[in-house]
Visitor: 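For reference, the structure I am asking about is given below.
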Amino acid sequence: MNRAFLAAVALASVYLVSCGSYSTKSYKPPSGATERLLVSQSVTSGFTFPGLVIINGFNDTLTRSFPISGGSSPSIMAVSPSRATVIAYDTDGHTIQVIDSRTEQNTGAIPVPGGNAQTPGTATSMVIPVATGVGYAADPVAGNLLWPTPGAVLALNLTQHGISTQIGVPAAQTLVSNAAGTQLLVFSNDSDSISVLSPNLAVSPIDQGCNAPPNPPQPPVCTVLLPAYPGARPVGALISGTTAYILNCGVECGGLPAPGSALPASVQTLDLTTLTLSNPLPVDGATAAFLTSTTLYVTGTSPTNNACTGQTTAAKTCGRLDLIDLGSMTVTSSVVITDGYHDHMDIGLGGQLFIGSHDCTEIGNVNNPSGEVRGCLTIFDTTKAGNTSVIVPPDNGDVTGLQGFTTFFKEYVVEGGNLKIYDTHTDKLLINNILTAGTISIPGKLIDVKAIDFF
């Protein structure tokens, strides 16, 4: 199963320049806006060309600046911790585009290596943990004679726009980094293992990585861990301090549990110091998660427990949101949500949890509504104790981008290729004198949205 969209549970960043972060109070970029968002516009429409469109987040208008070049088809984006740099993956050109958000200019592109002429490279997940000018990208098809199986983690030089090292990891799909950037958790497509990389130990320019024999003993750069049961299919993780919460997707991702196993999906903690995995905690599904100080919110679509009980809908299949108390590591509640493969979660100001999926059950037509209209977005109020109800906005299409804020009661959602803005007070589309039905009109197909200023 291809899980390229999962790169949204483990979203990446890009390099920090040596001068560090900048203050929007003392600096204004060429567009003049200081509360900016970038939206990746992937498909040409009429006289509009693909690019990264700049939005003024203060009044939700397009700036007068031209879109920033993002290659021929920019898609997923990642932002550095200082938000001074953005990278966007160009799906047609197979390059990682590097953008300086201060100057609002594209500074260069990094080609992503493929397996051969017939198998072009692809970046499914990207991350940059600290201000070192080094980023990392997962490339599931990168090939080299030193590797028996295609796939690598690419160490990116984001100042010189090149690849400093390729570390072999079979079918590398998703990356999650610790805060210091000294450990990378790598999740591979259709795999029941987790690769733990120490990227600083990698040998340049090619490191055999997780393919280096013999195994065991394992090479210094890589440790391979196996979850507690066959068919676990770990797909991602969230890290808090030295604890990683591993998401085992299980049957939903093609895992085949051992006979008699009752663990179609689960969550495990991983001690990043000792690399010790806890016993798995069964959940309904585990493809995406959001972590607060006391609760882990985990989503997925169970192959068995997927009835839409409690919802008035024509949909025959629904997903689940499980709430895990971190103190006791127990599931305290399970909530019915839209189905599909969940890979986006975000909490906006006010405690509204936005959950997005792709390939969900769609009902009706938002452009010609008659009766129920349903898509891939669910909104859950985390502030209500014991809440088991959700809002399913009347819209259609895959959710490919979410962006909330700490100062504005609104959430930006890319759904069905369009940019929508939700009022987190009302869970409805934000309407003002500028917006039309909560939508900023941008031609073409939109993929992702990221804030590039702190607000």
Visitor: Sequence neighbours left out, what passes side-chain contact (heavy atoms from CB on, under 4.5 Å) with Ser278? Give chain and number order.
Guide: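 With neighbours one apart ignored, the set is Gln268, Thr269.
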
Visitor: Cut-off 3.5 Å, side chains only: do Asp90 and Ser72 have a donor facing an acceptor?
Guide: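 Result is yes, a qualifying pair exists.
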
Visitor: When you measure from the side chain of Thr299 to the backbone N and O of Leu321, does any donor-acceptor pair fall under 3.5 Å?
Guide: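 Side chain of Thr299 to backbone of Leu321: no pair is present.
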
Visitor: Hydrogens and angles aside, do Asn189 and Gln173 bring a side-chain donor and acceptor to less than 3.5 Å of each other?
Guide: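 No.
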
Visitor: Pairing donors with acceptors under 3.5 angstrom, does anything connect the side chains of Asn248 and Ser266?
Guide: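 Result is yes, a qualifying pair exists.
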
Visitor: Going by atom types alone, do Ser334 and Asp284 pair a side-chain donor with an acceptor below 3.5 Å?
Guide: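 Looking only at side-chain atoms, Asp284 and Ser334 do form a donor-acceptor pair, the distance falling under 3.5 Å.
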
Visitor: Can you check whether Lys428's main-chain N or O pairs, donor with acceptor, with Thr426's side chain at less than 3.5 Å?
Guide: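 It does hold such a pair.
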
Visitor: Is there a donor-acceptor pair closer than 3.5 Å between any side-chain N or O of Gln403 and the backbone N or O of Ala451?
Guide: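 Judged by distance alone, yes, a pair lies under 3.5 Å.
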
Visitor: Can Thr95 and Gln97 be counted as having a side-chain donor-acceptor contact under 3.5 angstrom?
Guide: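 There is such a pair between these side chains.
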
Visitor: Examine distances only and state if a side-chain atom of Ser302 and a backbone atom of Asn306 form a donor-acceptor pair shorter than 3.5 Å.
Guide: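 Checking the backbone N and O of Asn306 against the side chain of Ser302, no donor-acceptor pair under 3.5 Å is found.
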
Visitor: Decide whether Ser188 and Asp190 meet the rule of one side-chain donor and one side-chain acceptor closer than 3.5 Å.
Guide: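 No, because no side-chain N or O of Ser188 sits under 3.5 Å from a partner of the opposite role on Asp190.
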
Visitor: Can a donor-acceptor pair be found, under 3.5 Å and without considering hydrogens, that links the side chain of Asn106 to the backbone of Ile99?
Guide: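 No; zero donor-acceptor contacts below 3.5 Å.
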
Visitor: Which class fits the ring pair His358 and Tyr341: parallel under 30°, tilted 30 to 60°, perpendicular over 60°?
Guide: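 It falls in the tilted class, 30° to 60°.
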
Visitor: Begin with the C-alpha distance, continue with both residues' side-chain angles, and end with the deciding distance and a verdict on side chain to side chain contact (heavy atoms under 4.5 Å, CB included) for Thr122 and Val141.
Guide: CA-CA 7 Å; Thr122 182; Val141 298; 4.3 Å; yes

Visitor: Among Thr378, Thr361, Thr317, whose side chain to side chain donor-acceptor pair (under 3.5 Å) with Asp339 holds?
Guide: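 When Thr378, Thr361, Thr317 are each tested with Asp339, the side chain to side chain donor-acceptor pair (under 3.5 Å) holds only for Thr361.
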
Visitor: Under a 3.5 Å distance rule, please check whether Ser193 uses its side chain to pair with a backbone N or O of Leu225 as donor and acceptor.
Guide: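 No: the side chain of Ser193 does not pair with the backbone of Leu225.
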
Visitor: Checking Ile324 now: which residues fulfil side-chain contact (heavy atoms from CB on, under 4.5 Å) with it, not counting sequence neighbours?
Guide: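 Partners of Ile324 by the side-chain contact (heavy atoms from CB on, under 4.5 Å) criterion, ordered by chain and then number, come out as Val267, Leu281, Val283, Leu296, Val298, Met329, Val331.
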
Visitor: Quick check against the 3.5 Å criterion: does Asp325 have a side-chain atom that pairs as donor or acceptor with the backbone of Ser328?
Guide: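 Checked: pair present.
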
Visitor: Would a distance-only check, ignoring hydrogens and angles, find a side-chain to backbone donor-acceptor pair under 3.5 Å from His94 to Gly121?
Guide: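 Confirmed, His94 side chain pairs with Gly121 backbone.
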
Visitor: Ile421 versus Glu411: any side-chain heavy-atom pair under 4.5 Å?
Guide: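 A side-chain contact is absent here, since even the closest heavy-atom pair is not under 4.5 Å.
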
Visitor: Would you confirm whether Asn178, through its side chain, and Thr182, through its main-chain N or O, come within 3.5 Å as a donor-acceptor pair?
Guide: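 A pair under 3.5 Å: yes.
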
Visitor: With sequence neighbours excluded, what pairs up with Asp381 under the side-chain contact (heavy atoms from CB on, under 4.5 Å) test?
Guide: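 Here the qualifying residues are Gln352, Thr383, Lys384, Asn387.
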
Visitor: Looking at residues at least two apart in the chain, or sitting in another chain, which of them share a side-chain contact (heavy atoms from CB on, under 4.5 Å) with Ser75?
Guide: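 If we apply the side-chain contact (heavy atoms from CB on, under 4.5 Å) test to Ser75, skipping adjacent residues, the hits are Tyr89, Thr91, Ile447.
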
Visitor: Going by the disulfide (SG to SG under 2.5 Å) test, which pairs reach into residues 341-400, not counting sequence neighbours?
Guide: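 Qualifying pairs: Cys360-Cys376.
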
Visitor: ring-ring contact (aromatic ring centres under 6.0 Å, His included) with Phe380: which residues, sequence neighbours excluded?
Guide: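 Checked Phe380 against ring-ring contact (aromatic ring centres under 6.0 Å, His included); zero matches.
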
Visitor: Go through the side-chain N and O atoms of Gln183 and Ser177 and say whether any donor and acceptor fall under 3.5 Å apart.
Guide: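 Distance-only check fails for Gln183 and Ser177.
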
Visitor: Is it the case that the side chain of Asp448 and the backbone of Met77 share a donor-acceptor pair, with hydrogens and angles ignored and the cut-off at 3.5 Å?
Guide: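 Yes; judged by distance alone, with no hydrogens or angles, the pair exists.
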
Visitor: When you look at Ile355 and Phe290, which way does the side chain to side chain contact (heavy atoms under 4.5 Å, CB included) test go after all the steps?
Guide: CA-CA 10 Å; Ile355 306 164; Phe290 193 92; over 6 Å; no

Visitor: Are Ser164 and Ser204 linked by a side-chain donor-acceptor pair shorter than 3.5 Å?
Guide: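 No, because no side-chain N or O of Ser164 sits under 3.5 Å from a partner of the opposite role on Ser204.
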
